[in-house]
Amino acid sequence: MGYRIAVVGATGNVGTEMLTILSESDLDVEKVYAVASRKSVGREVSYGDKELKCVDLETFDFTQVDLALMSAGGEVSKIWSPKIAAAGAIVIDNSSTWRMDPDVPLVVPEVNADAVDGYKKKGIIANPNCSTIQMVVALKPLHDRAKIKRVVVSTYQSVSGGGKKNMDELWLQTKGIYSNDQFQPVNFTKQIAFNVIPHIDVFMDSGDTKEEWKMKAETMKILDPKVKVSATCVRVPTFVGHAESINIEFEEELSADEARELLRISPGLMVVDKQEDGGYVTPVECVGEYATFISRIREDSTQDNTLNLWCVSDNLRKGAALNTVQIAELLANRKLPRNAKSKAA
Ligand code: 2RA
C-alpha cells in the first residue's frame, strides 16, 4: 500500500509544483488530495496527466492521509500544521513558521538527511527558505572538505518567491513601461520592472531584513552553528529562478580547481563553469530543472583560503516543492508507517 498525500495550498506557485513533482517522483503514492481554501474548492489542478478537484481545508479529514505537504502561508501553517499532525499525518511545512522550533527538524536531504528522524517530536518537518536551500547544497561538500568559517552572500531573487501576485505585478509594470501607462507599486515597495529592490520580507532591529536573517539562522541550524553568514537579499525583475553570488572563507586551503571537482561529484549539483562567453548558468536556464547550478568558481585574490562562486536554482523546485518531495522520499525510505488514526489503516 502506498502513501496517501495531501497537498495543502494546491493552487499556489509551490503547491502546483509539488503536484507536478509528486507525479514525477518514485514515491509509492496511493492517493493525492489537492487541499485549498474555501474560495478555491472545486477548482481543478493538474497532477501529472490527471486533474484533481480542490477540497476544502476547513472540512478535510486529515486522518485519511499519511503525509501533508504544506505551502499555504505562515498563518495557515501556524494553525493547521499542529492540527494535521494531531490527526496522525506527518507535515512537511514550507512556511517559516516552524523552521527555528527546536522540536522541528529543518531538512535539506543532500545536507542533513538524518535530521528528518526528528519528525517524531511534533509530527512536523520544516522546509527551509528557498535562498537557503540552494546555498547549503553548494556549501555542504566544501564545508566537509575545508571547514567554512564565513560566508558573504548577495542574492538575486525572482519575483515568484513572493507568489503569483508578484509575478502578475512584474508583468503589468513591464507592460506599463512600454505602453507609457502610469502605475503605482502594489505588492512591492518600489517599481520592480527594470529595477532591483534590496528588501525581501520585513526589516529587523539589526537593520537586516528577515530574509537575510533566515539565510544566517537556517544555515547555522542545517549545516553548522559555527558558520558565520552575512547576507544581502535583493529582489530582481525575473519571474523564476534565484541566483546568488557567494564568497566563502575556509579554515583550510581549497583551490578553485579542487572545489570545482568536488562540486561536480556532489549530490544535487551541476557545475557549468568555463571562463568563456556563456560558460555559466543564468536563472532563465534553471527553470524547471531539479539541479542547483554552480558557475564562476574562482579564488578570491584579496584573502587567503577564500573562494567566490555563482549559484542558480529554480526557487519553486529545489527551493521549495522538490525539496519537500525529497523529504517525503526520505521518510518513505525510512519506512514511515501509515497514519495509525486512519479508519482504514
Ligand atoms: C522569497 N524566499 O523569495 C522568499 C520566500 N519564498 O520571496
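Whatever order the structure lists them in is the order used to number ligands and atoms, beginning at 1. For the single chain, residues carry numbers from 1 onward in sequence order.
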Which ligand 1 atoms does Asn129 reach within 4.0 Å, using its non-hydrogen atoms?
-> 2 (N), 4 (C), 5 (C)
Backbone or side chain, does any N or O of Gly161 fall under 3.5 Å from an N or O of ligand 1?
-> yes
Taking only residues two or more places apart in sequence or in another chain, which ones pass salt bridge (charged side-chain N to carboxylate O under 4.0 Å, His left out) with Glu251?
-> none
Do Tyr280 and Gln275 have side-chain atoms, one donor and one acceptor, less than 3.5 Å apart?
-> no
Should the proximity of Lys214 to ligand 1, defined as any heavy atom under 4.0 Å, be assigned to the side chain, the backbone, both, or neither?
-> neither
Can you find an N or O of Ser158 that's nearer than 3.5 Å to an N or O of ligand 1?
-> no
Applying side chain to side chain contact (heavy atoms under 4.5 Å, CB included), name anything that partners Asp273, two or more places apart in sequence or on another chain.
-> Arg260, Val271, Ile297
Looking only at atom types and distance, does a side-chain atom of Thr132 sit under 3.5 Å from a main-chain N or O of Pro128, one as donor and one as acceptor?
-> no
Looking at Gln157, Arg235, His242, Glu211, the heavy atom closest to atom 7 (O) of ligand 1 belongs to Arg235
Is the backbone N or O of Asn315 less than 3.5 Å from a side-chain atom of Ser313, with the two atoms forming a donor-acceptor pair by type?
-> no
